[in-house]
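Reviewing the structure listed below.
So you know, we letter chains A, B, ... as the sequences are listed, proteins then strands, and number each from 1. Quick note: numbers below take in every heavy atom, side chains included, and nothing from hydrogens, waters or symmetry partners.
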Amino acid sequence: DVKVTQSSRYLVKRTGEKVFLECVQDMDHENMFWYRQDPGLGLRLIYFSYDVKMKEKGDIPEGYSVSREKKERFSLILESASTNQTSMYLCASSFLGTGGYGYTFGSGTRLTVV
Amino acid sequence: SQQGEEDPQALSIQEGENATMNCSYKTSINNLQWYRQNSGRGLVHLILIRSNEREKHSGRLRVTLDTSKKSSSLLITASRAADTASYFCATYRSGGYQKVTFGIGTKLQVIP
């Protein structure tokens with residue numbers, strides 16, 4: 001069964017901490033994405049990557065960075081966590097050049113910043 | 001920016017009834033996709049309809065697409081309690097980011 005795996009389901013961090021969210025896919029997908037999901041706002045794209053070491057800003061990149069050193073792994077980094085980054089974070093992947101076949105999502109990481 | 005807008009935002013029906021959710025969008029698209037999200041989990045891809053298709057079926061799901069009205073509908077027939085979830089439409093437009101844009105979702109509750 002193909003999978004996108006997010007390293008943590010729940011995470012609690014303190015304000016100012018550097019936070020790493022990890023995502024691994026086993027489908028050899030070129031594209032990987034990080035979204036955050038908030039009530040009433042839906043899914044908002046933070047960053048995406050279409051190849052190793054490549055990254056593109058999404059709609060809300062401020063306060064975040066990403067790293068893609070290997071094809072299967074895409075990390076989201078909160079440089080200095082703030083309470084307004086409390087959210088559900090969703091990782092997804094797809095083949096290059098396709099929204100064509102849909103995205104495969106991980107189970108999500110619910111991050112609380114206190 | 002959000003492309004798709006689902007309607008209604010919340011829907012409550014009895015088990016066995018049909019559930020219809022609608023999605024409107026603003027610009028031309030290559031395809032439209034529907035996803036389901038169970039509470040606190042990730043999204044699961046349900047069905048994709050291309051811009052040159054008008055209707056598509058998958059099991060108890062029926063999706064229609066009207067590109068002239070920039071709208072789509074998702075029909076779930078003979079609903080079950082396990083269908084309780086949020087449903088999102090997502091539009092795909094090639095070029096530029098080649099990314100999918102999600103709506104805010106419809107929360108469906110199926111009462112046993």
_Ring geometry between Tyr103(A) and Tyr35(A) (parallel below 30°, tilted from 30 to 60°, perpendicular above 60°)_ = tilted
*Check the pair Arg110(A) / Tyr89(A) against side chain to side chain donor-acceptor pair (under 3.5 Å), numbers first and verdict last.*
CA-CA 6 Å; Arg110(A) 187 166 293 282; Tyr89(A) 290 87; over 6 Å; no
*Determine whether more than 12 heavy atoms belonging to other residues, nucleotides or ligands lie under 6.0 Å from atom CZ of Arg80(B).*
no
*Side chain, backbone, both or neither: which part of Gln37(B) has a non-hydrogen atom closer than 4.5 Å to chain A?*
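Only the side chain of Gln37(B) comes within 4.5 Å of chain A.
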*asked:* With chain A as the partner, which of Ala90(B), Gly40(B), Ser86(B) has the greatest number of non-hydrogen pairs under 4.5 Å?
replied: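 That would be Gly40(B).
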*asked:* Given heavy-atom pairs under 4.5 angstrom as the criterion, report whether the side chain, backbone, both or neither of Gln37(A) touches chain B.
replied: side chain
*Any idea which heavy atoms bring Glu79(A) and Lys18(A) closest together, and the distance?*
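Scanning both residues, the minimum pair turns out to be OE1-CE, 3.4 Å.
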